[in-house]
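For reference, the structure discussed in these notes is given below.
Residues take their numbers from the sequence shown, with the count starting at 1. Every heavy atom of this structure was used, including side-chain atoms; hydrogens, water molecules and symmetry mates were not. Fair warning: this is a prediction, and the values are worked out from it, not measured in the lab. Order of listing sets the numbers, starting from 1, for every ligand and every atom in it.
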Amino acid sequence: MNKEKDNLGSSSLRQKALEVLKEKTTVTISPFLEPETMKLIHELEVHQIELELQNEELLKARTIAQEAIDKYTELFDFAPFCYLTLSSEGEILEINLSGANMLNQVRLHLINSNFGFFVADHSKPEFNLFLENIFTRHTKVYCELTISTHENIQIQVLLSGVMQVGKPQCMVTMVDITKKKMAEEELIKAKEKAEESDRMKSAFLANMSHEIRTPMNGILGFTSLLKKPQLSDDEQQKYISMIEKGGTRMLNIINDLIDMSRIESGQAKVNLLKTLLNTDIDDVYNFFLPEVTGKGMQLNCHTALSEEEAAIFTDREKIIAILTNLIKNAIKYSIIGTIDFGYSLKSSNGINNDKDQQRVLEFFVKDTGIGLSPDKMNIIFERFIQVESGDTRIYKGAGLGLAISKAYVEMLGGKIWVNSELGVGSTFYFTIPYHTDTTTNSTIDLITATPKKNTQIRKLNVLIAEDDESSAMLQKEIIKKYCKKVSHVYSGAEAVEATHKNPHLDMILMDIQMPLMNGYEATKKIRVFNNEVIIIAQTAYALPGDKEKAIEAGCNDYISKPITQTDLIDLMKKYFG
Ligand code: ADP
């Protein structure tokens, strides 16, 4: 077939040459020459023209080939992918401009250098396997690597390589997949987060349902028992105390939930203040002492620094919240024995008094309770995690206390951990940086609500602005013995009107969330004509910023629900004592 084509090609070439010859005006052939010689000359002329034609064709073909080479080079160099040719040892034999750009190098410097030089250490085994597979499998091979470019910037690349036929080298394409990988990672994270949220939501619902129904069960049950006629005083007290316990337990759960949601929404902030640590430890001790001794157990507290040394900069509220959570657990998960808590001064590397190391305060809460198995010691710091077993389910809780404590410790720049032995007891530890103020000798000004005890309150004229009937009733009951008159309105607008009509009002207990006109608005309107009356804002949200908002609106003070008798009376003593 090819031969036929060739013949055809050469016969058409001869044909063309004959035509060109015919057109030539100059005739070389002389009539005096022998016919044989004339034929020979004719043939030579035809050949000459054939050669000229062939030469022309070759020139054209060469131009076309050059154009093709130029196009190929352009494609090769400026393709969006990096192309390179590697030897079986990984030496760069050829690389296009995109490749040199990707590696952030001049192309000339790359030739003969080893590609492995750019491969990040952790990707090196993968790259070696990639080369090995290309030359042993003879098929296209892929791998993903991290490479460090000239300026030490790390990028993720996808390599695909295939051996070149008959040569000990391979063609490799390299694509920068850094952005794709980042997007993939983001997606995976988002997916994991969504799955985790889903799991958490189910766990949360199951837990909350249990944790809220149980105390509600007690509250409603004992309330209906209270209705029975002819109950003895003892029975009444017993039922009331059960209702109170149920209510406290519900409130603890709600407070934990609010704390957790503040942490998760990023609203929980660290508020560093000068703090008298030893005084706080004492307060915590005094707070828990009755409960611990009531359980037949002992409570000891340990302070390692003098009063002056223990005057530190920290977020006092958070330290107290963490200690409270840990001590509550120590009480909850122990039946007998002793609870020890306190702190000591340590270096962050564990060596005491090492001057070069950052110093930390290491707090501990040690109990002689049920203890934990080693596999549970880490997971208990996660949200909603409780060591589920037939025994431990008898202990109440939402599984949030340790998660909140961990978040607080981390916000303060420390860490939290536990050492425990099943059936023997647990010691929870946490650290915080030890900052003392060495630049000033100023006295520590602590924010302490110190209402004067046993102060008499004069009889007051009070307005309760509250849309919830039971809350209003409770407030009235608490304050009635200090009042000559207590009125009740249900909305902000009514509160404004009532204050107008009654210029001798001493105090307004102003609920913030009321229909039509809220407590902030009502306060602002009242302040236009009455600056004397003491307005105490009360909300059930207890969110950060609530107090500031209330003060800004013109309230004198703020109290969060559930309102306790002590808190409310203390506030009244503050203003009217
Ligand atoms: P809760 O106590 O509300 O269940 P926490 O987050 O405070 O939630 O604790 C998580 C789990 O860790 C508890 O359910 C309990 O199993 C375990 N735990 C916490 N403190 C102790 C302790 N002092 N001794 C034994 N187990 C504990």
Which of the atoms in ligand 1, numbered in the order shown and given with their element, are less than 4.0 Å from a heavy-atom of [X]?
{"X": "Gly401", "result": "5 (P), 6 (O), 7 (O)"}
{"X": "Ile380", "result": "10 (C), 11 (C), 12 (O), 17 (C)"}
{"X": "Lys332", "result": "1 (P), 2 (O), 3 (O)"}
{"X": "Leu402", "result": "5 (P), 6 (O), 7 (O), 9 (O), 10 (C), 12 (O), 19 (C)"}

Inset, instruction - Name all pairs fulfilling the side chain to side chain donor-acceptor pair (under 3.5 Å) condition that reach into residues 400-414, sequence neighbours left out, sorted by first residue then second. - result: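 Those involving residues 400-414 are Asn325-Ser405, Lys406-Glu410.
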Legend entry - Phe381 near ligand 1 by a heavy-atom separation under 4.0 Å: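 Heavy atoms of Phe381 never come under 4.0 Å of ligand 1.
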Legend entry - Heavy-atom gap Ser426 to ligand 1 smaller than 4.0 Å: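 Checking ligand 1 against Ser426, which is what was asked, there is a heavy-atom contact under 4.0 Å.
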Legend entry - Contacts of type side-chain contact (heavy atoms from CB on, under 4.5 Å), residue Glu477, not counting sequence neighbours: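 Scan of Glu477 (side-chain contact (heavy atoms from CB on, under 4.5 Å), adjacent residues dropped) gives Lys480.
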Legend entry - Ser420 side chain to Ser373 backbone, donor-acceptor under 3.5 Å: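 No, Ser420 side chain to Ser373 backbone: no donor-acceptor pair under 3.5 Å.
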Inset, instruction - Would you check if the side chain of Arg527 reaches a backbone N or O of Gly554 as a donor-acceptor pair within less than 3.5 Å? - result: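 Between the backbone of Gly554 and the side chain of Arg527 there is a qualifying donor-acceptor contact (under 3.5 Å).
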Inset, instruction - Select one of side chain, backbone, both or neither to describe which atoms of Leu400 lie under 4.0 Å from any atom of ligand 1, heavy atoms only. - result: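 Just the backbone.
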Inset, instruction - Check each heavy atom of Leu326 against ligand 1 and say whether those closer than 4.0 Å belong to the side chain, the backbone, both or neither. - result: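 Contact part for Leu326 vs ligand 1: neither.
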Inset, instruction - Fit a plane to each ring of Phe381 and Phe428, take the angle between them on a 0 to 90° scale, and name the class: parallel (under 30°), tilted (30 to 60°) or perpendicular (over 60°). - result: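 Answer is perpendicular, since the angle exceeds 60°.
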Legend entry - Considering all heavy atoms, the nearest Asn278-Leu305 contact: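 In terms of heavy atoms, the two residues are closest at ND2-O, 2.9 Å.
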